[in-house]
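Note that ligands are numbered from 1 as they come in the structure, with each ligand's atoms numbered from 1 the same way. For reference, positions follow the sequence shown, starting with 1. As a basis for the values below, the full set of heavy atoms in this structure was taken, side chains included, without hydrogen atoms, waters or symmetry mates.
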Amino acid sequence: MAKKIEIPQHIAIVMDGNGRWAKERGLPRTAGHQAGEKVLFDLVEACIEFGVKEVSAYAFSTENWKRSPEEVKFLMGYSREMLRTRRDRLNEMGVKINWLGRPQKLWKSVISELEEAEELTKNNKVLTLNMCVNYGGRAEMLDAAVAIAKDALRRKVKPDSLSEKSLRKYLYSPQMSDVDLFLRSSGEQRTSNFLMWQLAYTELYFTKILWPDFKKKNFYKAIFDYQKRERRFGKTSQQILDNNV
Ligand code: FPP
């Protein structure tokens with residue numbers, strides 16, 4: 001029997017290489033982020049065409065505060081502006097915007113834009129776009145651990161009966177699915193504290209292309225590569241074969 005052609009249902013993206021792309025052109029780093037933003041929305045469109053249901057974009061990490069004050073200021077202001085200009089079109093496309101991250105330190109105006117976009121798009125079903133802003137995988141784990149410890153003290157949770165399923169309820173977005181395909185541009189081969197829990201069984205795909213140069217054809221290539229992988233989730237190849245028959 002022919003192998004089923006699988007479309008990854010959840011894709012996580014690290015949009016890396018914006019700074020290098022700008023440098024190669026003698027432009028400020030911020031120009032790279034502006035070019036990268038357009039690529040993200042082209043990719044969301046391509047994902048809808050393919051039937052992908054969820055995209056998680058690493059827009060600003062808990063470690064990105066270490067960048068120059070100018071770049072941090074730009075990324076904050078730009079996220080706010082981007083949400084305002086894109087949200088109506090995304091809403092028309094049936095995209096549900098969901099914010100993942102810590103409110104601490106994040107600009108209040110960015111939080112308001114994220115919350116307004118969430119409210120506007122909350123009933124959409126075509127695709128969920130998880131905007132990871134001031135997000136860190138370790139921060140998410142730590143925040144979950146603190147919330148569990150507090151609930152244990154209040155006797156709302158019994159430590160011995162905690163399971164993977166009940167732990168998930170303490171993550172930033174419990175309804176979020178596990179990631180099928182992780183995509184990182186610019187040649188760096190690491191996950192950089194992105195979605196640690198949700199990436200446990202994810203297929204990793206790295207490309208040397210800098211994010212602003214990442215085109216739809218490169219995305220299709222990543223999908224075809226994914227389709228060649230065998231996802232075993234701890235089982236053997238034979239078991240997977242037997243299940244598919
Ligand atoms: C990594 O490239 C990119 C970021 C840290 C920011 C990503 C932001 C965007 C694509 C702008 C869109 C904004 C939103 C809110 C979607 P880098 O700066 O580390 O590049 P480098 O490794 O070449 O220096």
May I have a table of the N/O to N/O pairs between ligand 1 and the protein that fall below 3.5 Å, each row giving the two atom names and the distance to 0.1 Å?
from	atom 1	to	atom 2	distance (Å)
ligand 1	2 (O)	D16	OD1	3.4
ligand 1	2 (O)	G17	N	3.4
ligand 1	18 (O)	R29	NH2	2.8
ligand 1	18 (O)	R67	NH1	2.8
ligand 1	19 (O)	D16	OD1	3.3
ligand 1	19 (O)	R67	NH2	2.8
ligand 1	20 (O)	G17	N	3.3
ligand 1	20 (O)	N18	N	3.2
ligand 1	20 (O)	G19	N	3.0
ligand 1	22 (O)	D16	OD1	3.1
ligand 1	22 (O)	R20	NE	3.4
ligand 1	22 (O)	R20	NH2	2.9
ligand 1	23 (O)	G19	N	3.3
ligand 1	23 (O)	R20	N	2.7
ligand 1	23 (O)	R20	NE	2.8
ligand 1	24 (O)	R29	NH1	3.0
ligand 1	24 (O)	R29	NH2	3.1

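Judged by distance alone, the side chain of Y226 and the main-chain N or O of F182 form no donor-acceptor pair under 3.5 Å.
Using a 3.5 Å distance cut-off with no hydrogens or angles, the side chains of H10 and Q198 do not pair a donor with an acceptor. Defined by atom type and a distance below 3.5 Å, a donor-acceptor pair is present between the side-chain atoms of Y172 and D143.
For F233, the ring-ring contact (aromatic ring centres under 6.0 Å, His included) test picks out Y201, with sequence neighbours left out. By the ring-ring contact (aromatic ring centres under 6.0 Å, His included) test, W99 is found to be paired with no residue, residues two or more places apart in sequence or in another chain being considered. Considering only residues two or more places apart in sequence or on other chains, F41 meets the ring-ring contact (aromatic ring centres under 6.0 Å, His included) condition with none of them.
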